[in-house]
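Each chain gets a letter, A, B and so on, in the order the sequences are listed, and its residues count up from 1.
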Number of protein chains: 2
Amino acid sequence: MVSEPGRSPLKRERVREHLMELVEARAPGDPIPSERVLCEQLGVSRPTLRSAVDELVATGLLVREHGRGMFVARAKITQELAPDRDGHRLPQASGTWASRVLEFTTVRAGARVGRRLRISPAAEIAYIARLRLVDGEPMAIEYLHVPAVLVPGLRPADMEAGDFYELLRDRHGLRVREAVQSIEPTVTNEEEARLIGVPVLSPALLFERLTCDDTGRPVEYVHSVYRGDRYRIVSRLTLDVAPDPAGRPARGHHPGIPPGDLAGRGEVPAQMLGDVQPAP
Amino acid sequence: MVSEPGRSPLKRERVREHLMELVEARAPGDPIPSERVLCEQLGVSRPTLRSAVDELVATGLLVREHGRGMFVARAKITQELAPDRDGHRLPQASGTWASRVLEFTTVRAGARVGRRLRISPAAEIAYIARLRLVDGEPMAIEYLHVPAVLVPGLRPADMEAGDFYELLRDRHGLRVREAVQSIEPTVTNEEEARLIGVPVLSPALLFERLTCDDTGRPVEYVHSVYRGDRYRIVSRLTLDVAPDPAGRPARGHHPGIPPGDLAGRGEVPAQMLGDVQPAP
DNA sequence: AAGTGGTCTAGACCACCTG
DNA sequence: AGGTGGTCTAGACCACTTC
């Protein structure tokens, strides 16, 4: 059968719109019709239908459950941001954090990690992969790299209890002082998706952090992936547009706000958030 | 033809591994074989091959160009994080920011926005959609909502030049004081992808911000989507593990570091970064 | 057993780019 | 014209869940 050749801007998009109406007409947790039923109703093949569903799943509006069906997501990914009546109380961090060590080995640093930690690529490092859990639910996967000479006798159990930085101080005499951290959006690959329990290609936050001790020596390089459907960064910013219009400009004093929001320039304090990486 | 039923853990994953080897063996910008050639080499159908490619494109390792082919991405999505020899200089923000107004209308707030801005759903707001550009390249799409009574006479051109907060102060007598902002990872939908020039389902950062003036009255609600392949947040953190082991715990004094990195508890300062949204 | 989502195939047509 | 990626189809088999 040949479909009408008129301008039909992406069948997938049409299906997505229909799905979004279905979602909006239902309450969180409600089931929606099965893939095969929707295919027939909409007159599309299953891969096409599934492709549209993929998008809503990635956006966090729909969830699939294997032999059961598809359901309107319970936790809206964009939930209420701001203040509950009195004050400006921010959503509090909650839940109990725990760790489960997945891998604990000593390996050579290699070129990439060695460069970051400023040690020889042949130097040994403790490599730890651990799952971070909140109230027993996987929240993130974390890959730590620490020069082995700095943490003799480190055991896996050490990485499942307490504060790692306190351990560095109390047992190894290392005082962390400063860290440079980058945050960027990513999507989960197969391994990450499996470990933190989300679909492949789900939104996630990628953290990279290089931590130095009080002598400026790098002590840890951390690479971690946080699931995007349950983790967000919330910050309260104190703004201060220059009280004196003629005085020194107050630009660059708005940590956490993307620079373009504030001015036509790009000067941003390295101090906190809000930096741009120019494309090489 | 029936494929050997042995444990073949996802054909797609096998293809992805092969593709990653191809990428690593080439320099940025180099072409890789065409989809049909790869299908034959790997013995998979084209949808399967494309599904694997989709993942690498989303990750930022590959780029597709319509009638031309597939190429190793030029800009590595995870670029060098840390310090260039002397000091700890952070990558500086760079480039010239500009704005292009896409839509400028006055509409009723509606339930969602009205609630956020703490005004009647029937109250009018200025709704502005604008593209944010860096050196002429699209970087983000931004949706502003400002109560119309606060900004009489606001014109589209006002939103393309200068600092909006300074405009609020100088022309409308509003002094922004505080903002609550959330940052979460997301993926682009069709509209966002088209506007900022990335593939659908690319990683992106979703900002939401509610800004209040010095009387605590909300003056703007902003929702913006930043492309993930060219934008990242970089911060320098000054850490301070309690110098006195017996004193009050220094926990919660590490802004920007996910709480689980520090302790088994969940107490995190609302002050800055690093909050968890429990699933409702 | 029957229904669900998860994966994969083989082939088709289109739009775009390069000779 | 011939290659490339972009989209879609119709059908198959599997794994999981429910009855």
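Between B:R16 and A:E190, at least one side-chain nitrogen of the basic residue sits less than 4.0 Å from a carboxylate oxygen of the acidic one, meeting the salt-bridge criterion. In summary, B:E160 and B:R100 do not engage in a salt bridge, as defined by a charged side-chain N under 4.0 Å from a carboxylate O. The pair B:E103-B:R130 fails the salt-bridge criterion, with no side-chain N (NZ, NE, NH1 or NH2) lying under 4.0 Å from an Asp/Glu carboxylate O.
The side-chain heavy atoms of B:L206 and B:I183, taken from C-beta on, include no pair separated by under 4.5 Å. A 4.5 Å side-chain heavy-atom check between A:Q181 and A:F207 finds at least one atom pair inside the cut-off.
Atom P of nucleotide C:dC14 and atom NZ of A:K11 are separated by 13 Å, given to the nearest angstrom. If you take CD of A:E55 and P of D:dT7, they are 11 Å apart, rounded to a whole angstrom. A:D54 places its CG atom 13 Å from the P atom of C:dC8, with the value rounded to the nearest Å. Rounded to whole angstrom, the span from the CD atom of B:E40 across to the C1' atom of C:dT9 amounts to 15 Å. Residue A:R64 contributes atom CZ, which lies 15 Å from atom C1' of D:dA15 at whole-angstrom precision.
Regarding contacts with the backbone of D:dG6, a side-chain N or O of B:R50 is found under 4.0 angstrom from either OP1 or OP2. Between B:S34 and D:dT4, a side-chain N or O to OP1/OP2 separation shorter than 4.0 Å is present. Considering only side-chain N and O atoms, A:R46 lies nowhere under 4.0 angstrom from the phosphate OP1 or OP2 of D:dG11. Note on A:S45: every side-chain N or O is 4.0 Å or more away from OP1 and OP2 of D:dG11. Between B:S51 and C:dT7 there is no side-chain polar atom (N or O) within less than 4.0 angstrom of OP1 or OP2.
Along DNA chain D, the nucleotide nearest A:T48 and the nucleotide nearest B:E35 are compared for position; the residue whose nucleotide lies closer to the 5' end is B:E35. Comparing B:V44 and B:R36 along DNA chain C, the residue whose closest nucleotide (by nearest heavy atom) sits nearer the 5' end is B:V44. Projected onto DNA chain C by closest heavy-atom contact, B:L49 and A:I32 fall at different nucleotides, the more 5' of which corresponds to A:I32.
Rounding to the nearest 0.5 angstrom, the gap separating the NZ atom in B:K11 from the CG atom in B:L49 is 11.5 Å.
For residues 65-72 of chain B, proximity to DNA chain C is found at B:H66, B:G67, B:R68, defined as any non-hydrogen atom under 4.0 angstrom from a strand atom.
The side chain to side chain contact (heavy atoms under 4.5 Å, CB included) check on B:D54 picks up B:R64, with sequence neighbours excluded.
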